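One structure is given here, and the rest of the page talks about it.
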Amino acid sequence: MNVVILAAGQGKRMRSSLPKVLHPLAGKPMLAHVIAAAQAADRACGGVARVAVVIGHGAEQVRRAFSDRSDLHWVLQETQLGTGHAVRQAAGWLDDAVPTLVLYGDVPLVRPATLARLMQAAADHVGLLTVRLADPDGYGRVVRDWHGNVLKIVEQKDASDEERRIDEVNTGILVAPTARLKRWLAALSNDNAQHEYYLTDVIAQAVREGVTVNAVVAEEAEETLGVNSKSQLAELERVAQRRTAERLMEAGATLADPARIDVRGELVVGADVFIDVGCVFEGKVELADGVYIGPHNLLRDVTVGAGTEVLGFCYLERAQIGAHARIGPFARTRPDVVLADEVHIGNFVEVKNSTLGHGSKANHLAYVGDAEVGARCNIGAGTIVANYDGANKHKTVIEDDVHTGSNSVLVAPITIGAGATVGAGSTVSKLVPAGKLTVARAKQQTIEHWKRPTKQKK
Ligand code: UD1
Ligand code: CA
């Protein structure tokens, strides 16, 4: 299958310097959704999509955003003379041996199943995706004869009053036999109200040549909606999120409110996962069986082991969290954290580039950075791993069964031996020997006969 995605338009109403098709929907550019849908549909039909994207406004920026995709073919449409003109720019690249599917970079929610249905309806004919709208205003209308055969599409601006009453509209998405399509494109004229080369005029040409036009009516109007403004983008974002929420619930997750979850990447859930309101999932997140996610958490590229609880208000990035752990509330992990099973990371604890062994706990107000922490350790409230000397970062090793007292400062590079206890308020910068109590703080003294100063009378 040849796939041509139109993405040359300016998107003036977005009022943005970002080209329209790069605006993110559910965490990735709208154009990426369209490409993925086309590829999935073609796979379902046993083919391989050859994808060309027609770009114009912001062409370089669009290409750069997909620079890792060597499989895409870019076609420049220097001036936007209409949808037919846009497809014509790609004509030379189209393989006559397979049909051509036309899609739009700003119609991001079209479903692979619908495209597959359209491809099957096309065979040697033309397949046209249409939709019935309560308010068809602005769209091209699908004109049929008495038998229901499609005759042509009339743009709103060229339509008669009677034609404007038709509620079946053109989504713009179509499949056509390629050699014929090339001929039809070459024959388009711009003799119409907008002086544009309309892709839609190929329908009337097909009919004239006796090629059947099979209209496939989309089941969900949402999947045919285009984005022209921030408001429409927000509307489609909700639709996309709702679809994801449905998928999660089908997979067995319990969502406190399916309208209050945002997945901007890929979220994989096991059985009996609970997710409270206001959570944002970015990148790739995996929640194993029985994971509990409390309210208002952000997880970006995180895996969470079975039975672990992430209480509310955590901000977790690039972390691997074991099973039966307890994180938060108000915990923060910065990239590259590995927490073993049964670890507890509590309120106002920040962990960065560190590993914590089985059952270790940092329950309150601590910073653990660039550290390797063994099993069963207790990082006391207010413990700070001073990993940065102002120029370089250094590593800390905390062996198994260490307890650090409240407000201890561990100045890296340093090793705290297994079973050691660091007394509260200590600042340690040398090896802390295993199995002993080390205290490094001023000794407590009491000054006898000391008198508190009193205010002098004038
Ligand atoms: C088009 C259809 C209309 C249909 C509607 C559905 C035509 C003539 N009309 O109208 O029947 O109901 O879509 O939304 O096809 N584009 C280019 N280059 C161009 C012109 C457009 O790449 O020269 C791209 C735009 O970026 C946009 C898409 O094609 O993504 C549609 O163009 P637009 O001008 O919005 O078409 P409509 O007037 O909405
Ligand atoms: Ca137009």
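Numbering of ligands and ligand atoms starts at 1, following listing order. Numbers for residues simply follow the sequence, beginning at 1. This is a predicted model, so every value here is computed, not measured. Computed from heavy atoms alone, side chains included, the values below leave out hydrogens, waters and symmetry copies.
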Subject >> All salt bridge (Lys or Arg N to Asp or Glu O under 4.0 Å) counterparts of Asp71, not counting sequence neighbours >> reply: Arg69

Original post:
Does CG belonging to Asp145 count more than 12 external heavy atoms closer than 6.0 Å?
Top reply: yes

Original post:
Side chains of Leu225 and Glu235: closer than 4.5 Å at any heavy-atom pair?
Top reply: yes

Original post:
By number and element, which atoms of ligand 1 are closer than 4.0 Å to a non-hydrogen atom of Ala7?
Top reply: 22 (O)

Original post:
Regarding Arg50 and the six-membered ring of Trp93, is the cationic atom NZ or CZ under 6.0 Å from the ring centre and inside 45° of its axis?
Top reply: yes

**OP:** Return the orientation label for the Phe66 and Trp74 ring planes: parallel under 30°, perpendicular over 60°, tilted otherwise.
**Re:** tilted

Subject >> Of the listed options Arg141, Gln156, Gln77, closest to atom 17 (C) of ligand 1 (non-hydrogen atoms) >> reply: Gln77

Original post:
With a 4.0 Å heavy-atom cut-off (strictly under), which part of Glu155 contacts ligand 1: side chain, backbone, both or neither?
Top reply: side chain

Original post:
Short list, please: which atoms of ligand 1 are under 4.0 Å from a heavy atom of Tyr139?
Top reply: 6 (C), 12 (O), 14 (O)

Original post:
Which is closest to atom 28 (C) of ligand 1 by heavy-atom distance: Tyr198, Tyr197, Tyr104?
Top reply: Tyr104

**OP:** List in chain and number order the residues that pass side chain to side chain donor-acceptor pair (under 3.5 Å) with Arg88, two or more places apart in sequence or in another chain; answer none if no residue qualifies.
**Re:** none

Original post:
Is Val169 in contact with ligand 1, taking contact as a heavy-atom separation below 4.0 Å?
Top reply: no

Subject >> Leu81: numbered ligand 1 atoms lying under 4.0 Å from its heavy atoms >> reply: 23 (O)

**OP:** For Leu6, take its heavy atoms, then give the atoms of ligand 1 lying under 4.0 Å from any of them.
**Re:** 22 (O), 24 (C), 29 (O), 30 (O)

Subject >> Heteroatom distance test (Leu199, ligand 1): nitrogen or oxygen, under 3.5 angstrom >> reply: no

Original post:
Has Gly105 got any heavy atom lying under 4.0 angstrom from an atom of ligand 1?
Top reply: no

Original post:
Quick one: does ligand 1 sit under 4.0 Å from the side chain of Ala8, the backbone, both or neither, non-hydrogen atoms only?
Top reply: both

**OP:** Look at the side chain of Thr396 and the backbone N and O of Ala371, then say whether any donor-acceptor pair between them is shorter than 3.5 Å.
**Re:** no

Original post:
Can you list the atoms of ligand 1 that are under 4.0 Å from a heavy atom of Thr200?
Top reply: 7 (C), 8 (C), 9 (N), 11 (O), 15 (O)

**OP:** Can you sort out which atoms of ligand 1 are near Thr83, meaning under 4.0 Å from one of its heavy atoms?
**Re:** 7 (C), 8 (C), 15 (O), 20 (C), 21 (C), 29 (O), 31 (C), 32 (O)

**OP:** Work out whether the distance between some heavy atom of Gly82 and some atom of ligand 1 is less than 4.0 Å.
**Re:** yes

Original post:
Where the side chain of Asp341 meets the backbone of Gly322, is there a donor-acceptor pair that is under 3.5 Å apart?
Top reply: no

Original post:
Under 3.5 Å, side chain of Asn192 to main-chain N/O of Glu196, donor-acceptor pair present?
Top reply: yes

Original post:
Thr171 near ligand 1, heavy-atom distance under 4.0 Å?
Top reply: yes

**OP:** Return yes if some donor-acceptor pair links the side-chain N/O of Lys284 with the main-chain N/O of Asp301 below 3.5 Å, else return no.
**Re:** no

Original post:
So is His85 close enough to ligand 1, meaning a heavy atom under 4.0 angstrom away?
Top reply: no

